[in-house]
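The structure appears right after this line, and notes come after that.
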Amino acid sequence: MPTVFSANRSSVLVDGDPVEGLQSLTFRVVTEREDIRAIGSDERIDVSFGLRTVQGEMVLRSSSDKLDELLHQKQKFQIVANLKKEYGMETESVRTVSFDDCFVEGKSFGLDASAPAATTYSFTATRVREE
């Protein structure tokens with residue numbers, strides 16, 4: 001049976017401080033690779049892997065002074081997401097996802113007449129660890 005995490009029960013911290021107004025957190029792990037070709041054939045015979053990075057985004061209602069400062073100062077930080085699932089009335093901590101050596105790389109802002117303002121912060125990390 002799959003583990004279903006509850007977004008409204010989970011929490012995300014940036015350098016130990018809670019992220020207020022978080023709407024979503026997404027990430028992907030990207031690994032460089034190069035195909036090794038067989039001589040005289042159009043098929044690969046192996047793959048060579050290289051640099052592995054983590055790319056992510058956090059969408060917040062309005063904005064975050066802390067993330068704005070980290071973007072401006074080009075400072076390194078850590079993100080820790082405590083993912084939880086709900087059992088009836090009890091909430092159980094299930095998994096902690098930690099992003100190490102993060103940098104905010106970009107910021108985009110959106111304002112819609114039918115919803116609160118939203119800011120998307122793009123970040124990269126050296127690694128992601130799941131416990």
Side-chain angles (χ1 to χ4, degrees):
M1 178 172 229
T3 301
V4 179
F5 298 111
S6 175
N8 61 350
R9 299 287 184 223
S10 299
S11 64
V12 175
L13 308 172
V14 171
D15 279 345
D17 297 327
V19 178
E20 300 295 330
L22 182 71
Q23 297 298 296
S24 67
L25 169 66
T26 59
F27 73 93
R28 65 186 180 132
V29 178
V30 179
T31 304
E32 291 178 346
R33 69 164 182 79
E34 183 176 347
D35 293 331
I36 299 174
R37 302 167 187 234
I39 297 174
S41 173
D42 59 355
E43 295 180 348
R44 72 178 186 197
I45 58 171
D46 205 352
V47 177
S48 174
F49 293 99
L51 178 69
R52 176 173 289 169
T53 60
V54 180
Q55 301 170 350
E57 288 186 341
M58 286 190 286
V59 178
L60 281 68
R61 282 199 177 163
S62 296
S63 64
S64 166
D65 292 339
K66 180 163 188 119
L67 290 170
D68 288 340
E69 181 181 332
L70 290 167
L71 173 64
H72 179 69
Q73 299 293 328
K74 299 177 182 132
Q75 289 182 319
K76 191 183 329 184
F77 62 98
Q78 182 184 42
I79 299 171
V80 177
N82 296 304
L83 307 179
K84 297 179 181 180
K85 63 182 182 177
E86 199 170 344
Y87 289 117
M89 298 302 286
E90 292 183 34
T91 303
E92 179 183 318
S93 182
V94 174
R95 184 173 297 161
T96 299
V97 181
S98 301
F99 301 88
D100 299 325
D101 300 336
C102 300
F103 288 96
V104 179
E105 291 201 340
K107 171 184 171 180
S108 61
F109 179 81
L111 184 61
D112 190 321
S114 63
T119 303
T120 301
Y121 294 94
S122 302
F123 68 90
T124 58
T126 301
R127 75 190 65 79
V128 61
R129 296 176 288 122
E130 296 186 38
E131 301 168 5

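Only a predicted model underlies this, so the values are computations on that prediction, with no experimental measurement involved.
Dense packing is recorded around CD of Gln23, with more than 12 heavy atoms of other residues, nucleotides or ligands lying under 6.0 Å away.
In this structure, Lys76 and Phe103 have side chains that are in contact, with non-hydrogen atoms separated by less than 4.5 Å. Looking at heavy atoms from C-beta onward, Asp17 lies out of side-chain contact with Phe77 at the 4.5 angstrom threshold. In this structure, Ser98 and Gln78 have side chains that are in contact, with non-hydrogen atoms separated by less than 4.5 Å. Side chains of Val97 and Leu25 form no contact here, defined as non-hydrogen atoms less than 4.5 Å apart. Between Val47 and Arg44, the closest side-chain pair of non-hydrogen atoms falls below 4.5 Å. Between Leu60 and Tyr121 the shortest side-chain heavy-atom distance falls below 4.5 Å. Side-chain contact between Val19 and Ile79 is absent, with no heavy-atom pair separated by less than 4.5 Å.
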Criterion side chain to side chain contact (heavy atoms under 4.5 Å, CB included) on Leu83 and Val94, from CA distance to verdict: CA-CA 6 Å; Leu83 307 179; Val94 174; 5.8 Å; no

Verdict with reasoning, Leu67 to Val104, per side chain to side chain contact (heavy atoms under 4.5 Å, CB included): CA-CA 7 Å; Leu67 290 170; Val104 179; 4.1 Å; yes

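With Thr119 contributing its side chain and Ser62 its backbone, the two residues share a donor-acceptor pair below 3.5 Å.
Scored by the salt bridge (Lys or Arg N to Asp or Glu O under 4.0 Å) test, Asp100 finds Arg127, Arg129 as partners (sequence neighbours excluded).
With salt bridges taken as basic N to acidic carboxylate O contacts below 4.0 Å, none links Arg37 and Asp35.
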